[in-house]
Structures are given as C-alpha cells and as structure tokens.
Amino acid sequence: MARLFGTDGVRGLAGRDLTASLTLELSIAAARVLASADEDRRPLAVVGRDPRASGEFLESAVVAGLASTGVDVVKVGVLPTPAVAYLTGVLGADFGVMLSASHNPAPDNGIKFFAKGGQKLEDALEEEIEGMLGVPSTPAVGEAVGRVTESHDGAELYTKHVLDSLSHSLKGLKVVMDCANGAASTVAPEALRRAGAEVIAIGDRPDGHNINQGCGSTSLGTLQEAVRLHGADAGIANDGDADRCLAVDAEGNVVDGDQILAILATEAKDAGRLVEDTLVVTVMSNLGLKLAMAREGITVVETAVGDRYVLEEMKRGGFGLGGEQSGHVILLDHATTGDGLLTGLHLLAAMAHRKQGLAELAKVMTRLPQILINVPDVDKARAAESEELAAAVREAEAELGETGRVLIRPSGTEPKVRVMVEAPEQEQATAVAERLAGVVRSALG
C-alpha cells in the first residue's frame, strides 16, 4: 500500500482524496500518537488553516476528531504555516495541525502535523499515525472531552516574533508584497509596514477560491508588473501557506531561492553568524550556488529534495541556514520550518544594511542554465524501477560530462515526475530535458 504521507503531510483534492472522514480519522490517530500521556495536564493542540473554502469543513473535522479524544483545541484561524508552528511552541501545545495545500491550486487541500515545539514530524511518527488509522479507540466522555477555544492574538504574537528577529529597519524601501491570496494576506503587509517599508500589497484579497491563482510565488508575472509599475525597490512573493519566498528586483527580474540563500549566507558569514560557515541545500540547487559559496568560503551540504530533509541535516549538524531553490528557506535561529515572511524580511534587511539593490546583491552567484520539466499523469512510483529511463539518464549524463547534471525525481506532493537538467548552454539543457521528459512519458505513462 502506498504511503499516505508525502513529503509535506497528506495532500489531495478536497472532498475526494482528502475527505472529512479521513481528516477526522487522521486527527484521532495523530492525537493518540502525539498527545502527552501526562495525567496531570490535559493535552493541547493548535489548529490553523489557509483561506481555502474546503479548509472550513476540514477544520471542523480536525477539531471534532481531536476533541473526541480528550485533546483541548485552540483554533488560531487563517495564518501562515510557520505561524502555526511558532504558536505550537509558544503556547506549549503538544502538537499543531495546519490545513493547507501550500502552492497547490484551490481545489486541493492538505493536513500536516507539528510535534511539540512546532517541529516537523519525523518519518517514524508519520508512519505511526498511519498505523493507527482504523484501529479502534475509546472516545473521551463527560468531563474528559476536549474543549475548543479560539485565539485572536496569534497573528500579533507571530508578527512580533518575526519583527524581533530583524537587526535593521526597512525604512526607505518601497516593496510590493504578493500574498498569493493566501494565509499571509493580512500579516505579511502589516509586518513589512511595521518594519519600516512602504508597502504595496497585491494578492491580498482571498475569497476561498483564488489562492495561488495568477499570483504568489508560483506565478510571478503579476508581481513583476507591479514592481515596475510602482517603481518599487523589490517585490516579495509568498505561496498559499507562506512557508516559501521568492523575490523580484527593481527591474522585474526573478531572484529565486538559491540566490536568496546565497545573499543570506554571505550576509550571515560577514556578520559572524553562519554556523561553521555552512549552508544546507538540496540536490536541486543550481550548480552556480555551489560555485559561488566555494568562492565565498562557505561549505555547502546537500540533502534529498524536501525542506524536511534540509531541516533534519541542519539539526544534525547544528547549522543555522538552509533551504531550497523553490523558496523554502529555514532560519533555524528564528523558526522551526520554512518561513516566507521571515525570509522576505531578512532579504530586505540585507538590502537596507548593505545599501544595495536586490539585483546587485544577487550578483553573488551566477545561475547556470537549468531546465525543470514537470511530467504529469504518469506512474511516478515506477520511476526508480524503469530500466528504459535509467538508460536514458546514463546517456544524458555521458553527454553532459562534468559540466552538467541530470536529476529525475517523483514529486512528493503531486502525480508528477520532475526532470531537471543543468548544462553550460541553455539550448543543450533544454534539448536534454525535453528528450528525458519524452522518455518519462513513454516509460511511465
């Protein structure tokens, strides 16, 4: 049986894949695994969501499941995923629950759990929760049932937290903030204004159905136009649950996660704050980042794709900075998970500190041509077993030699296989990637 949990919780089409009954069962199972067994105190969970319409009924299922097991619930409403993680820790909860499908389209939704302290779950805990599904349990009755309350100060607690992490004011910067019609639509513009920036907010009118729709980090065209139109110094884009951040410079050029990491790493190293002068990234990071970091005297440690694996390596080595090209950036001194608002604030603070534009800061690295093709509607489970695909990859690697690389990776959250190719020239990278994508379709379709 396929594993229910992907690289970022359980995700799928709300109402079909992620149903109210499955959400209820997952919540009961999670409570049995994550709730404290301390008889002197009642277990507590924090529950938040993004503004998707389906989040309303799924939240009810989560709350019902948790309360039926005797877990007290604090509903914090629509907030970014990193805010829910932070509040899980600051409120002393046993665990947290976030309902979001992140960068996915509005019809999708997902459920992810945070352990005590707002930490992402290890694989073993997710497997234990899956193992509890369908196992009979005794519901709480009488005074043992969980109580449900709503917290209205979660946004302020989180906003104050991210602002307290800054060492430089953003005064004098004009910024366009694209909130993806998502979870940060209220808190992100407010935080940037309180940090001193002049803010033009876009994608800040969520209606339950327009999350990530032509806006946010997965669709940067609107942000690019707005930055040029308003003569802004930079643009910041979050995704639907605001755990990732991408940026746009004053000319409308995209500054991706690798460039953001390069800027933050050099800023931290110069300030003596980069632990062991080490940056943690995934195998998807551009070769240009590694070359730039070597030039700056910064060691790069690679992990499998997924911010959870970056985080595991950061904890293992005691490192403070890591992330992904997609914009998941983890500042471990201030957050337990990727935080798009926190990342954007620190990126802008680097601009203010160095008195340089984002384009100038981004010159710290040169991106090598990299082509990423998502091949949908294929059997991603067979990607590692296909000899036809393996032979095509070997041929491509031989063609590229040491000047490029190939990565074939099944998506952890969607029915896709991702084909990534780097090469010295754009034309070669495109040709090789398209050829491999064709093999993926024929071999796995």
Side-chain angles (χ1 to χ4, degrees), residues 7-8 80-82 85-86 102-103 112 118-120 162 165 184 216-218 220 236-248 254-269 271 273-294 296 298-350 358 361-362 364-365 367 370 372 407 409 412-413 418 420:
T7 56
D8 201 22
T81 289
Y86 171 71
S102 189
H103 59 281
K112 67 180 80 175
Q119 305 292 328
K120 283 205 168 188
V162 294
S165 73
S217 62
T218 55
L220 292 169
I236 300 294
N238 290 159
D239 62 339
D241 69 335
D243 66 350
R244 61 169 81 177
C245 167
L246 293 179
V248 168
V254 174
V255 177
D256 69 10
D258 283 343
Q259 292 168 296
I260 292 171
L261 285 166
I263 293 167
L264 296 182
T266 52
E267 179 81 352
K269 181 177 185 293
R273 293 184 282 102
L274 189 63
V275 179
E276 295 187 25
D277 290 340
T278 296
L279 173 66
V280 182
V281 301
T282 77
V283 293
M284 288 292 287
S285 277
N286 193 282
L287 183 57
L289 173 62
K290 301 168 196 174
L291 296 174
M293 293 299 92
E296 297 291 330
I298 295 173
T299 300
V300 173
V301 175
E302 284 188 325
T303 75
V305 175
D307 62 328
R308 64 185 299 163
Y309 303 115
V310 173
L311 182 58
E312 287 173 6
E313 180 60 28
M314 291 174 69
K315 289 179 178 178
R316 187 199 65 76
F319 307 124
L321 179 63
E324 297 184 284
Q325 186 184 70
S326 62
H328 279 123
V329 174
I330 304 170
L331 297 157
L332 205 52
D333 288 343
H334 309 295
T336 59
T337 187
D339 189 326
L341 175 55
L342 184 72
T343 301
L345 286 167
H346 280 255
L347 180 64
L348 295 168
L358 189 52
L361 292 181
V364 68
M365 69 164 280
R367 284 183 294 190
Q370 184 183 79
L372 176 63
L407 183 65
R409 185 181 73 87
T413 58
R418 308 191 195 281
M420 191 276 285

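Keep in mind that the numbers below use all heavy atoms, side chains included, and drop hydrogens, waters and symmetry copies. The model shown is predicted, which means the values in this text are computed figures rather than measured ones.
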For residues 328-335, which side-chain donor-acceptor pairs fall under 3.5 Å, sequence neighbours excluded?
{"unit_1": "His328", "atom_1": "ND1", "unit_2": "Glu324", "atom_2": "OE1", "d": "2.9"}
{"unit_1": "His328", "atom_1": "NE2", "unit_2": "Asp243", "atom_2": "OD1", "d": "3.3"}
{"unit_1": "His328", "atom_1": "NE2", "unit_2": "Asp243", "atom_2": "OD2", "d": "3.1"}

Can you list the residues that meet the salt bridge (Lys or Arg N to Asp or Glu O under 4.0 Å) rule with Glu296, with sequence neighbours excluded?
none
What pairs with Arg308 under side-chain hydrogen bond (donor to acceptor under 3.5 Å, both in side chains), at least two apart in sequence or on another chain?
Asp123, Glu126
Looking at residues at least two apart in the chain, or sitting in another chain, which of them share a side-chain hydrogen bond (donor to acceptor under 3.5 Å, both in side chains) with Glu276?
none
Look at Arg244 together with Asp339 and state whether they make a salt bridge at an N to O cut-off of under 4.0 Å.
no
Can you pull the salt bridge (Lys or Arg N to Asp or Glu O under 4.0 Å) pairs that have at least one residue in residues 259-268, sequence neighbours excluded?
Glu267-Arg354
Partners meeting side-chain hydrogen bond (donor to acceptor under 3.5 Å, both in side chains) with Ser165 (sequence neighbours left out):
His346
Can you sort out the partners of Glu313 under salt bridge (Lys or Arg N to Asp or Glu O under 4.0 Å), two or more places apart, ordered by chain and number?
Arg316
Hey, is the main chain of Asn286 close enough, under 3.5 Å, to the side chain of Asp258 for a donor-acceptor pair?
yes
Which residues satisfy the side-chain contact (heavy atoms from CB on, under 4.5 Å) test with Ala237, sequence neighbours excluded?
Asp178, Ser217, Leu220, Leu223
Lys120 meets the salt bridge (Lys or Arg N to Asp or Glu O under 4.0 Å) criterion, sequence neighbours left out, with Asp8, Asp307
Sequence neighbours left out, what passes side-chain hydrogen bond (donor to acceptor under 3.5 Å, both in side chains) with Thr343? Give chain and number order.
none
For Ala265, check side-chain contact (heavy atoms from CB on, under 4.5 Å) against everything at least two apart and list the hits.
Leu274, Leu279, Met293, Ile298, Leu321
With a 4.0 Å cut-off on N to O distance, would you call Asp241 and Lys112 a salt bridge?
yes
